[in-house]
Amino acid sequence: MAERRSAAGEGLARLSEWADGHLGLLRNLSAGLAAAGLLVLARSVRMTTKFTNALDIPTEFIEKNVKLRGKIHHVTEKGLQVEHIPISIPIITSIQRKWQSKGLLLVRLAGVELAPSGTVWLQKEVKPSQMVWFQLLGREDLALECRVLVNKGRFLSVCLNEEILRQGLGRTARIEGLHHHSRLYWKLHKRLLQAELKALKKNKGIWQEESFSERVRDRISNNKCVRTLKQFVNWLRSYI
């Protein structure tokens, strides 16, 4: 027993000597751990912050195309009015709720020129309080250019940007906010073009209307009476 106590005492003494000799290292290590803890805390606070204004969202979030969760309240001609639902961390979230303001984010479907019929379709298909994920692609004034995903069932989600084009309720447009030569830009733009092409092949939505009007114009231009009338007008002009 005496030998064990002696060995233990000797071990503690050596540990104490090592600590005294490396006091600076230990202080730096403690400071590093504290800084890392503060960094994690700061990141947690940012991820749990409820954004009620597009300008409050950090530029870093948009540059990294972060996905945020939200709840749709209204569908308007300007876009979707979405309530941001941040990640919930018990202690941090309970503190933040005391000072968080209320407000809705204006979310636009990036890369889509929405037709009036598209707005009507969204108002019918998107349920009030529908939960969505919106990927930040750009920001213009108070509006966010996003890729919006809606959950359909447990393991399936639908991209509203693509679905609108697939239904023929809009046209493909430039994705504002993303660099034109970036890999992500062309990846998303390609998917939008493919969705638009499906509607075009099936003559759905606006493509059906345009196809019908084109057919009417062709029939009128090929009509014998119309062609004769054009020839007479041209002959008459040549003599005036």
Pairwise distance [atom1]([X]) to [atom2]([Y]) - rounded to 0.5 angstrom:
X      : Y      : atom1 : atom2 : value
Leu165 : Arg171 : CG    : CZ    : 11.0 Å
Glu176 : Leu144 : CD    : CG    : 13.5 Å
Lys67  : Arg147 : NZ    : CZ    : 6.0 Å
Ser182 : Ile175 : OG    : CD1   : 8.0 Å
Ile164 : Ser117 : CD1   : OG    : 8.0 Å

Heavy-atom closest contact ([X] atom, [Y] atom, distance):
X      : Y      : answer
His84  : Phe51  : ND1-N, 2.9 Å
Ala115 : Ile206 : CB-CG2, 4.0 Å
Ala54  : Asp141 : CB-O, 4.3 Å

Any side-chain heavy atom of [X] within less than 4.5 Å of one from [Y]?
X      : Y      : answer
Gln135 : Leu149 : no
Leu109 : Leu122 : yes
Cys146 : Leu137 : no
Val107 : Ile72  : no

### Message
Could you work out, with salt bridge (charged side-chain N to carboxylate O under 4.0 Å, His left out) as the rule, every residue matching Glu140, not counting sequence neighbours?
### Response
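Glu140 satisfies salt bridge (charged side-chain N to carboxylate O under 4.0 Å, His left out) with Arg108 only.
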Only pairs under 3.5 Å count here: list side-chain donor-acceptor contacts from residues 123-130, not counting sequence neighbours, and write none if there are none.
unit_1, atom_1, unit_2, atom_2, d
Gln123, NE2, Val75, O, 3.1

### Message
Going by side-chain contact (heavy atoms from CB on, under 4.5 Å), name the residues that satisfy it together with Glu63, two or more places apart in sequence or in a different chain.
### Response
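Listed in chain order: Thr59.
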#### Entry: Test side-chain contact (heavy atoms from CB on, under 4.5 Å) applied to Ile62 - qualifying residues, sequence neighbours left out
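side-chain contact (heavy atoms from CB on, under 4.5 Å) list for Ile62, sorted by chain: Ile57, Leu136, Arg139.
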### Shared hydrophobic cluster for Val150 and Val112 (ILVMFWY, side-chain gaps under 4.5 Å)
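Yes, same cluster.
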### Task
With sequence neighbours left out, write down each residue that passes side chain to side chain donor-acceptor pair (under 3.5 Å) with His73, or none if nothing qualifies.
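With sequence neighbours excluded, His73 shows a side chain to side chain donor-acceptor pair (under 3.5 Å) to Glu83, given in chain and number order.
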Hydrophobic cluster mates of [X], side-chain heavy atoms under 4.5 angstrom, ILVMFWY only, any path?
X      : value
Leu106 : none
Ile85  : Met131
Leu104 : none
Leu142 : Leu55

### ring-ring contact (aromatic ring centres under 6.0 Å, His included) contacts touching residues 102-137 (sequence neighbours left out)
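Every pair satisfying ring-ring contact (aromatic ring centres under 6.0 Å, His included) with a residue in residues 102-137: there are none.
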Please output the side-chain donor-acceptor pairs of residues 188-201 that fall under 3.5 Å, not counting sequence neighbours, one pair per line with the distance.
unit_1, atom_1, unit_2, atom_2, d
Arg191, NE, Glu162, OE2, 3.1
Glu196, OE1, Thr172, OG1, 3.1
Glu196, OE2, Thr172, N, 2.9

### Query
Is there a donor-acceptor pair closer than 3.5 Å between any side-chain N or O of Asp56 and the backbone N or O of Lys50?
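Side chain of Asp56 to backbone of Lys50: no pair is present.
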### Task
Output yes when a side-chain donor or acceptor of Trp186 lies under 3.5 Å from a complementary backbone atom of His180, and no otherwise.
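Present.
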#### Entry: Residues that His179 engages under ring-ring contact (aromatic ring centres under 6.0 Å, His included), provided they are two or more places apart
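His179 satisfies ring-ring contact (aromatic ring centres under 6.0 Å, His included) with His181 only.
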